[in-house]
Structure formats: structure tokens, C-alpha cells
Amino acid sequence: MAECFLLNKTRVLVTACLLQFTFVSSQTNLLLNGGFEDVNTCTEYTAECGVEGWFYLKDVKAQMLSNESLPGQETTTKQFGSNSFGIFYNWLGYKDFTPVIGTILPCSLQKGHRFTFKGMISAKLNPKLILKPGICVGEKFYVPKRVFSKNQKPDKIILLNKIPESKFYRFEYSFVADGTEKYLTFGTFIEEDTIGSKKKLIGTQTVSLVLDNFQLIPEDIRETTCPDFLKNKEEIYHYNFRHKEMDYSLYGRGELAIVFTNEDSNYMTQITEPPPPPSKSDTLKLGDIFFDFNKANLKPTALKLLEKYFTGNNTHELIDSMYVEGHTDSIGSDSRNLALSLDRCESIRRWLLQSNIVTAASIKIHPFGKSKPVASNNSPQGRAMNRRVEMIVFRKTEK
């Protein structure tokens, strides 16, 4: 079996224009566990059976992969986190869309808004086969030839870009939501290379995929998750069946027994309206050393830094407004990290008000938890860099 990914060497369709697209990691990712870091413990065997938030039919075999052990990934580990998702299945000659894995959207998408699905993929299959990734976003998990999938339209993903010094490709696919989307199904289109090989393949062909860094990004940078995002995430993560029950539900109904309690405005993505920035701004960063471990109280060194910074040109009369953004590393639960980042933002806010630096109406607090790392969480040094508070100071326009 050869290392054959996406397009056979005799039919390379990836052109120079594809090199222009990039990932925008700072925007909101509407998918759960897109990096496949959170591992599921299945009910049937009380053992790790896959990843949280992603589901598949019985014909697909899933396996967690440690990136350190992936061949050819030694120089690109930072792009992948600790785990990747391995998928194995047999191709029996079906040329249309084959579902591989799918996920439930924790927030519904606003009708008429554009979204972009991105990720990384590597594939191993017979070199006489051509594989292209595909996607179907709709009300159900897509299963071929089932009645509930009749009105859903899978599509091929054609934007592909080779990652240097690795066997991975980045992919990108944009679509406009119709407001009914609940499931995102990722899969493949496979056909024989009739130009490069005249002999028809005989027998079952094994396909091996490695997936990572899946994202669903709104085009509007103001669009963010719904109010019930974390609540719905818990409901999805509590579904711990990875064998018969999951297969029966997906194949029989195209959906799992997961029900959100409030599918109203709390289930819809939101548009945030940040105030227009004044003419000048800069950022003051308070790193991990300025807080006690796992606490929000400011150390004396942090107080001295703040006092020194907010003098001269940074006095009350010259500051228009301020964002205070809190960040943590990936250790611990989402809820705990969000709470800690919020508490640290509040500590800064209290100091600013007590010191008469700005008014309460001029401070906007944004706790992000672990969602916006600036370094890899795989090392103590990287995690220390991710534990930070960033103060973005907007100054009044100078006359």
C-alpha cells in the first residue's frame, strides 16, 4: 500500500492559487473537540473508545493516535496537539459520498450567514485510487440511500494545500447556512484513476485516514457561540455509546438520543458588537508569574508593573476604553478555565477602578479560558505562556 493522498500523482489538481488560503485561529470555532484532544470513555467497556463529540457508523474503525508516534510528523508536532484521530474502513467501489465521522453542532447557525469548515487530513490507500474529502451539513447525520438523507447534499472539498515536511494537507470549504443545520458529517469521495491505470481493481481496498484540527469558523468576525454552548457541550459529551447503540441511532434515524433543553435564542450563534476602536492602542500583558498558581489575586510584582505603566501618557484623562482578556492553559475542565480567566480579569478590573484609571463603563471583560493559546500546551514552557491576561488600552484621539 502506498502513501497516496487525495489526488493521484498523475492527476495533480492542486494549483498555486490554493497556497493563498490560511487558517484564522483567532476566530471562534463552532465545533466541539476539533483538535480531538478530549477522549471518550465508552459505556459498554468502560474504556477509551474514541473522542468526545464525534460519531461514526460501525463500518468505520476509529483509533486515537499520539502525534509523537506519527511517521513524518517530527517537525510539525506543534500544529497538531497531543492527539490525532485515526480512521480505517474498506472501500467496496462506492464512488459517491461515504460518511466517515460526524458531530453535533452545539449552536445552530444563523440563516444566510457564511461559514468555513477547515482541517488537516492525511490518507493512505491504493495508488490507483483518487480520494477527495467531502462534507454534508444538515439536519441529520448523512447516511447514503436513507430516507432522512434524501434532501441533504454532500459536496466535495477541493481547496487543498500540502503542509511542508509532513504527510498532511490542509483543507477548506465555505457554505451559506440555511438555519436547519444540526449535524456536520465529514467523509470521502473515492474513484479509480482510469487515466493512470487501465486495469480495474479487484477486491476490497483499505483506506486509512488521519484527521486533526477541525474548525467551523463564521465569516463575520463578530459572530460567536450561543449562550448555551457549554451546557450543550456537556449534553453531547455525556453520550458515551461508541458501538451498537450509536450505529443503530445514526443508521436508523440519522441522529443520536441527545436533546438540548432550550433550542431557542440561547441555541443560536450571537453577533457581538465591539465599540469602534479609537485612533491609538497598545497591549499590556500580565503573564503567569504575576498571579499565584490557580488563583486570581495579583502579586506585588504585578501591582508595581501596573502602577508604573499607568502613569504619564496612560492616565485617566488620556485613556478612552480598555479590553481585559483572560487566558489559561489546557489543564483542567473548560468550565474551570473559563471561571479562572474571568476571576483574573475581575482582579484587574477592580484594581483599575480603585486606582481611578478608567470608569466602569470603559472596561470590557473577555474571559477566553483555554480557547486561544499562543503556544503549545504540550510543554510546561508553552502552558506558562498561555496563562496570561492581556490589557488592550485604547487612547483618546490626540488633538
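This structure is a prediction, so every number in the text was calculated from the model and none was measured.
Contact record, Gln110 with Ala177: O-CB, 3.6 Å, taken as the closest heavy-atom pair. Scanning all heavy atoms of the two residues, the minimum distance from Leu256 to Met246 falls at CD2-O, 4.0 Å. The two residues Asn29 and Gln215 have their closest heavy-atom pair at OD1-CA, 3.2 Å. When every heavy atom of Tyr142 is checked against every heavy atom of Cys136, the shortest pair comes out as CD1-SG, 3.8 Å. Closest approach of Glu235 and Val259 over heavy atoms only: OE1-O, 4.0 Å. Taking both residues in full, the closest heavy atoms of Thr204 and Leu92 are given as OG1-CD2, 3.6 Å, listed atom of the first, atom of the second, then distance.
Val143 is not connected to Tyr248 by any chain of hydrophobic side-chain contacts under 4.5 Å among Ile, Leu, Val, Met, Phe, Trp and Tyr, and they are in different clusters. Both Tyr89 and Tyr251 are assigned to one and the same hydrophobic cluster, defined by single-linkage of ILVMFWY side chains at heavy-atom distances under 4.5 Å. Criterion: ILVMFWY side-chain heavy atoms under 4.5 Å apart, direct or through other members. Under it, Ile363 and Leu303 are part of a common hydrophobic cluster. Hydrophobic clustering of Ile, Leu, Val, Met, Phe, Trp and Tyr side chains at less than 4.5 Å, counting indirect connections, unites Tyr237 with Leu184.
The only member of Asp247, Asn40, Ile236, Thr185 that meets side chain to side chain contact (heavy atoms under 4.5 Å, CB included) when paired with Phe55 is Ile236. Test Tyr183, Phe214, Phe186, Phe85 against Trp54 for ring pair (Phe, Tyr, Trp, His ring centres under 6.0 Å) and you get one pass: Phe214.
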Item to check | Verdict with reasoning, Arg344 to Phe290, per side-chain contact (heavy atoms from CB on, under 4.5 Å) | outcome: CA-CA 10 Å; Arg344 289 184 171 180; Phe290 295 106; over 6 Å; no
Next on the checklist: Using the rule given for side-chain contact (heavy atoms from CB on, under 4.5 Å), can you reason through Leu352 versus Phe310, listing the C-alpha separation, both sets of side-chain angles and the distance that settles it, and then say yes or no?
Outcome noted: CA-CA 9 Å; Leu352 291 168; Phe310 288 103; 3.9 Å; yes
Checklist entry - Yes or no on side-chain hydrogen bond (donor to acceptor under 3.5 Å, both in side chains) for Glu223 and Thr269, after CA distance, side-chain angles and deciding distance? => result CA-CA 7 Å; Glu223 191 161 358; Thr269 57; 2.6 Å; yes
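Put simply, CD1 on Ile258 and CD1 on Ile104 are 3.5 Å apart, with the number rounded to the nearest 0.5 Å. Between the NE2 atom of His327 and the CE atom of Met385 there is a distance of 12.5 Å, given to the nearest 0.5 Å. To the nearest 0.5 Å, atoms CG (Asp212) and CG (Asn83) are separated by 8.0 Å. Separating the CD atom in Glu234 from the OG atom in Ser335 is a distance of 6.5 Å, to the nearest 0.5 Å. Summarising the geometry, atom CG belonging to Asp193 is positioned 4.0 Å from atom CD1 belonging to Ile130; distances are rounded to the nearest 0.5 Å. Between the CE atom of Met120 and the OH atom of Tyr169 there is a distance of 14.0 Å, given to the nearest 0.5 Å.
A salt bridge is defined here as a Lys NZ or Arg NE, NH1 or NH2 lying under 4.0 Å from an Asp or Glu carboxylate O, and Lys140 with Glu255 meets this definition.
A cation-pi geometry, defined here as NZ or CZ lying under 6.0 Å from the six-membered ring centre and within 45° of its normal, does not hold between Arg253 and Phe148.
Listed for the Asn386 side chain is a donor-acceptor partner under 3.5 Å among the backbone atoms of Ala375. A distance-only check finds a donor-acceptor pair linking the side chain of Ser341 to the backbone of Gly369 [under 3.5 Å]. In this structure, the side chain of Ser149 does not engage the main chain of Pro144 through any donor-acceptor pair within 3.5 Å. Side chain of Glu181 to backbone of Glu139: no donor-acceptor contact under 3.5 angstrom is found. Looking at Ser347, its side chain does come within 3.5 Å of a backbone N or O of Ala296 through a donor-acceptor pair. Judged by distance alone, the side chain of Arg349 and the main-chain N or O of Lys364 form no donor-acceptor pair under 3.5 Å. The closest donor-acceptor contact from the side chain of Thr188 to the backbone of Leu131 lies at 3.5 Å or more, if one exists at all. Panel note: side chain Asn33, backbone Glu52; a donor-acceptor pair is recorded below 3.5 Å. Side chain of Trp351 to main chain of Gln354: no donor-acceptor pair is present (N/O by atom type, distance under 3.5 Å, no hydrogens or angles).
Judged by distance alone, the side chains of Arg170 and Asn213 never bring a donor and an acceptor atom under 3.5 Å apart. For the 3.5 Å distance criterion, the side chains of Glu390 and Thr283 fail to qualify, holding no donor opposite an acceptor.
Ring geometry for Tyr267 against Phe260 counts as tilted: the plane angle lies between 30° and 60°, on a 0 to 90° scale. Between Phe189 and Phe97, the two ring planes are tilted [angle within 30° to 60°].
Proximity of Leu211 to Ile87: side-chain heavy atoms (C-beta onward) are separated by under 4.5 Å at one or more points. Taking the side chain as every heavy atom from C-beta outward, Leu230 and Leu338 approach each other to under 4.5 Å. With contacts defined as side-chain heavy-atom distances shorter than 4.5 Å, the pair Leu57/Phe141 qualifies. Side-chain atoms of Val324 and His366, non-hydrogen and from C-beta on, never get closer than 4.5 Å to each other.
Atom NZ of Lys299 sits in a crowded spot, with more than 12 heavy atoms from other residues, nucleotides or ligands closer than 6.0 Å. Residue Ile331 qualifies as enclosed at atom CD1: its count of foreign heavy atoms under 6.0 Å is above 12.
Here Phe115 and Phe117 keep their ring centres 6.0 angstrom or further from each other.
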